[in-house]
Amino acid sequence: QVQLVESGGGLVQAGGSLRLSCAASGLTFSSYHMGWFRQAPGKEREFVAAISWSGGNTRYADSVKGRFTISRDNAKNTVYLQMNSLKPEDTAVYYCAADWSSYSLLPPPLSQEYDYWGQGTQVTVSS
């Protein structure tokens with residue numbers, strides 16, 4: 001049974017930082033691209049960042065480039081999202097997701113490409 005468990009969310013002031021973690025189990029983690037998505041109240045789920053199975057390639061949404069960094073530790077079956085210079089518009093539930101990579105080079109930005117999802121962790125940025 002595949003499980004993705006996010007942690008690290010919380011309440012932070014604008015300009016602050018948070019690091020989200022997503023621990024995976026029940027899958028061969030190093031064979032999966034991993035992504036972070038977010039959903040704000042009343043909005044569609046949107047892509048935030050993704051990292052390839054090897055960790056060698058990453059993608060970011062334009063809205064977070066230069067502020068967020070995705071990374072992974074295949075030995076710990078964990079993917080991270082370091083979020084700096086947070087803004088109120090970053091407030092959302094953040095989800096991690098896993099996509100069977102077929103050892104392709106680039107992780108996909110589309111949510112429908114992802115096979116497994118976590119339950120989400122709330123991030124709230126106050127102004």
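When reading the values below, keep in mind they use all heavy atoms of this one structure, side chains included, and skip hydrogens, waters and symmetry mates.
A distance of 10.5 Å separates NZ of K65 from OH of Y60, quoted to the nearest 0.5 Å. Going from atom CZ of F47 over to atom CG of L110 covers 9.0 Å, rounded to the nearest 0.5 Å. To the nearest 0.5 Å, atom SG of residue C22 and atom CD of residue E6 are 5.0 Å apart. For the atom pair H33 NE2 and D115 CG, the distance stands at 10.5 Å (nearest 0.5 Å). Atom-to-atom distance recorded for Y80:OH and I51:CD1 is 11.0 Å, nearest 0.5 angstrom. For the atom pair R72 CZ and N77 CG, the distance stands at 9.0 Å (nearest 0.5 Å).
Annotation: ring-ring contact (aromatic ring centres under 6.0 Å, His included) contacts involving residues 107-127, sequence neighbours excluded, comprise F37-Y114, F37-W117. Within the structure, the side-chain hydrogen bond (donor to acceptor under 3.5 Å, both in side chains) test picks out no pair touching residues 18-27 (sequence neighbours left out).
By the 4.5 Å heavy-atom criterion applied to side chains, F68 and L86 are counted as neighbours. Residues Q82 and L20 are not in side-chain contact: their nearest non-hydrogen atoms beyond the backbone lie 4.5 Å or more apart.
Residues passing the side-chain hydrogen bond (donor to acceptor under 3.5 Å, both in side chains) test with Q122, sequence neighbours excluded: T124. Not a single salt bridge (Lys or Arg N to Asp or Glu O under 4.0 Å) links K43 to another residue, sequence neighbours left out. Listed by chain and number, the residues in a side-chain hydrogen bond (donor to acceptor under 3.5 Å, both in side chains) with T69 amount to none (sequence neighbours excluded).
Around CG of L11, the count of heavy atoms belonging to other residues, nucleotides or ligands within 6.0 Å exceeds 12. Heavy atoms from other residues, nucleotides or ligands lying under 6.0 Å from CD of Q112 number more than 12. For CD of Q119, the number of neighbouring non-hydrogen atoms (other residues, nucleotides, ligands) closer than 6.0 Å is 12 at most.
Put simply, the side chain of S54 never gets that close to the backbone of S52: no donor and acceptor are under 3.5 Å apart.
V2 and M34 fall within the same hydrophobic cluster, defined by Ile, Leu, Val, Met, Phe, Trp and Tyr side-chain heavy atoms under 4.5 Å apart, directly or through other members.
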Distance-only check: which donor-acceptor pairs under 3.5 Å involve side-chain atoms of residues 92-101, not counting sequence neighbours?
from : atom 1 : to   : atom 2 : distance (Å)
Y94  : OH     : R38  : NH1    : 2.9
Y94  : OH     : D90  : O      : 2.6
W100 : NE1    : S102 : OG     : 3.1
S101 : OG     : S31  : O      : 2.6
S101 : OG     : Y103 : N      : 2.8

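If you check the side chains of D73 and T78, you find no donor sitting under 3.5 Å from an acceptor.
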